[in-house]
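Comments concern the structure below.
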Amino acid sequence: MNTVSTAPTYTPDPRQLAQQRAALAKQQNEAAIGKVAEDFEAFFAGAYFEQMFSGIQPDSVTGGGEAEGMFRSLMVQEYGKAVAKQHVLGIADVVKRQLLQLQEQR
């Protein structure tokens with residue numbers, strides 16, 4: 001006797017799939033908005049540090065020059081990124097909240 005056993009097949013609910021996709025898209029969107037807000041805070045902090053360091057004269061040991069100016073610029077950018085990662089200023093939180101509110105209004 002030849003019997004063929006068939007395993008039950010699973011058919012996903014389209015509404016449930018749509019809800020899962022929407023939830024995943026929302027999480028990804030919030031993460032992207034968080035990154036943009038953090039980048040904005042890093043830019044703002046970097047500009048602030050640039051003003052702070054603008055009055056400091058080059059060190060006589062290193063001799064100043066173009067290389068020191070370039071290094072200082074890169075260092076200031078990294079300071080801004082470090083401040084933004086720690087959310088010290090709180091700008092990223094405000095920007096993220098505002099962007100999410102604007103998006104919900106659409």
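Residues meeting the side chain to side chain contact (heavy atoms under 4.5 Å, CB included) test with Q16, sequence neighbours left out: Y10, D13, Q20. Scanning for ring-ring contact (aromatic ring centres under 6.0 Å, His included) contacts around F40 gives an empty result, with sequence neighbours left out. Looking at residues two or more places apart in sequence or on another chain, you find no side-chain hydrogen bond (donor to acceptor under 3.5 Å, both in side chains) involving Q19. Taking E78 as the reference, K81 meet the side-chain hydrogen bond (donor to acceptor under 3.5 Å, both in side chains) condition, with sequence neighbours excluded.
For residues 17-34, no residue pair satisfies the salt bridge (charged side-chain N to carboxylate O under 4.0 Å, His left out) rule, not counting sequence neighbours. Listed by first and then second residue, the salt bridge (charged side-chain N to carboxylate O under 4.0 Å, His left out) pairs involving residues 37-51 are K35-D39 (not counting sequence neighbours).
Heavy-atom minimum distance, A45 versus L89: CB-CD1, 4.1 Å. Taking each heavy atom of A92 and A37 in turn, the nearest pair found is O-CB, 3.3 Å. In this structure, M75 and F53 approach most closely via the heavy-atom pair CE-CE2, 4.0 Å.
Residues Q77 and F43 fail the side-chain proximity criterion, which asks for heavy atoms closer than 4.5 Å. By the 4.5 Å heavy-atom criterion applied to side chains, N29 and Q103 are counted as neighbours.
Ring pair F49/Y79 is perpendicular by interplanar angle, where above 60° counts as perpendicular and below 30° as parallel.
If you chain together hydrophobic residues whose side chains sit under 4.5 Å apart, L100 and V94 never meet in one group.
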